[in-house]
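Each chain gets a letter, A, B and so on, in the order the sequences are listed, and its residues count up from 1.
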Number of protein chains: 2
Amino acid sequence: MPADTKDRIVEAGAELFQRQGFAGTGIKQILASAQAPFSSLYHFFPGGKDELGAAAIKVSGTRYQQLVEAVFDAAPDIERGVRDCFEGAADTLRATDYADACPIATVALEVASVNEPLRIATAEVFDAWIVSATQRFRAAGITPKRSRHLALTTIMLLEGAFVLARALRSTEPLESAGATALAETRAALAARRRA
Amino acid sequence: MPADTKDRIVEAGAELFQRQGFAGTGIKQILASAQAPFSSLYHFFPGGKDELGAAAIKVSGTRYQQLVEAVFDAAPDIERGVRDCFEGAADTLRATDYADACPIATVALEVASVNEPLRIATAEVFDAWIVSATQRFRAAGITPKRSRHLALTTIMLLEGAFVLARALRSTEPLESAGATALAETRAALAARRRA
DNA sequence: GTCTATACTTTGATAGAC
DNA sequence: GTCTATCAAAGTATAGAC
């Protein structure tokens, strides 16, 4: 629960953008949800909706990364970490009636070709995720090149599973994606042992 | 090049929805792009924007499936078909300045939690894709269960790669996803041979 | 089927008092 | 920092003549 007004606005924006998209969410709805006065938007964000959007992307993208890293840190090994990520994502989807998946994917697709500043904001988040995951695999002894490939694959499987899961209202995609991510991780670990 | 007015409207809507999303595209923009009179929208689509959206999802989703099936039909074997799909998608992304990826993913994420009729329209398209890909793998001798898993994995890798590629303005994700899809396909084919 | 005109709502954004 | 009032523009949708 954020303390000051600015934080409440960013949090409310992040949540609504995640569920309804950027264009589909009005700033009045955000301020009402944040229980903040209307004028405070332009007080804290002179750049208006776009500036708020960039802040929301950064905050929710960073928080999701921390969440995933916490899952990996809590797991006994990296294979379990991968598995727990997909299972946790499936749990969240079910618990939120298939509303909460990736915090920025919807906005990323919306803005990719029409709003360059926001596109860059989403790119920076994805970049950070890739770097973080790559580092995690490298720490497990996988080669740098293969670690990046595995990081990309894991993230793409998760993002693709989110698209299908939300549309189909099923966690079958998450289970399938998790199994593939696990198989790829094991293959990379096996290659490491052979080296 | 569609002949009559209704087709032009659907085509224009499909293209704009794909690139800018559903909420981010106005019906006036669609009609202007289709060079159609404003009143004809409600003549052909009494249900307004939502009905047009459902028609656009169905048309572009079906066409994309046919495109992919044509790629597989033209390939000498299923492994090459998988590879050609990802390479073709990468070519299209580069050729369109990272605008044309999945025709319905943006809309699917936007509407999943806020517009049930459109969510169902996207689900029907994804379902058809999954069934089509599953059948394709089964025809190659892979078991039904594993064929569905492989179909889901392939589609998810493509969708996830589209998200990252458009945000990062890079085809690296497509290359990585294609390599993983190919590896999974080969593993499934190898398991078939052992049976 | 198409044309013009328009109703109504919501949008993002601003001004000025307090 | 917040309040009220308000703006112009864009949004969807409808009516009625032709």
Whole-Å distance, A/Q29 CD to C/dG12 P, equals 10 Å
Send over the distance from A/Q35 CD to D/dC3 C1', rounded to a whole Å. 17 Å
Send over the distance from B/I30 CD1 to D/dA10 C1', rounded to a whole Å. 14 Å
From CZ (B/F44) to OG1 (B/T5), nearest 0.5 Å: 5.0 Å
With respect to the side chain of B/K49, which nucleotide from D/dA13, C/dT2, C/dG12 is positioned closest? D/dA13
Measure from the side chain of A/S40, starting at C-beta and using heavy atoms only, and say which of D/dT14, D/dT2, C/dA13 lies closest. D/dT2
Parallel, tilted or perpendicular: rings of A/F137 and A/F72 (30°, 60°): perpendicular
Taking 4.0 angstrom as the limit, do A/E116 and A/R119 come out as a salt bridge? yes
Integer-rounded Å distance: C/dC3 C1' and B/L41 CG: 15 Å
For B/F44, which contact category applies under a 4.0 Å heavy-atom criterion: base, sugar-phosphate, or nothing? sugar-phosphate
Return the orientation label for the A/F22 and A/F17 ring planes: parallel under 30°, perpendicular over 60°, tilted otherwise. tilted
B/S39, nearest nucleotide to its side chain (from D/dG1, D/dT12, C/dT2): C/dT2
D/dG1 C1' sits how many Å from A/D4 CG, rounded? 12 Å
Between D/dT2 atom P and A/L31 atom CG, what is the distance in whole Å? 11 Å
Say you draw a straight line from CD1 of B/I9 to NE2 of B/H43; how long is it, rounded to the nearest 0.5 Å? 9.5 Å
Between A/A36 and A/K28, who's closer to the 5' end of DNA chain D by nearest nucleotide? A/A36
Any idea which of D/dA5, D/dT2, D/dT14 is nearest the A/F38 side chain? D/dA5
With the side chain of A/P37 defined as its heavy atoms from C-beta on, choose the nearest nucleotide among C/dT14, D/dT2, D/dT12. D/dT2
Over how many whole Å does the gap from B/R8 atom CZ to C/dG1 atom C1' extend? 12 Å
From OH of B/Y42 over to P of D/dA13, roughly how many Å is that when rounded to an integer? 4 Å
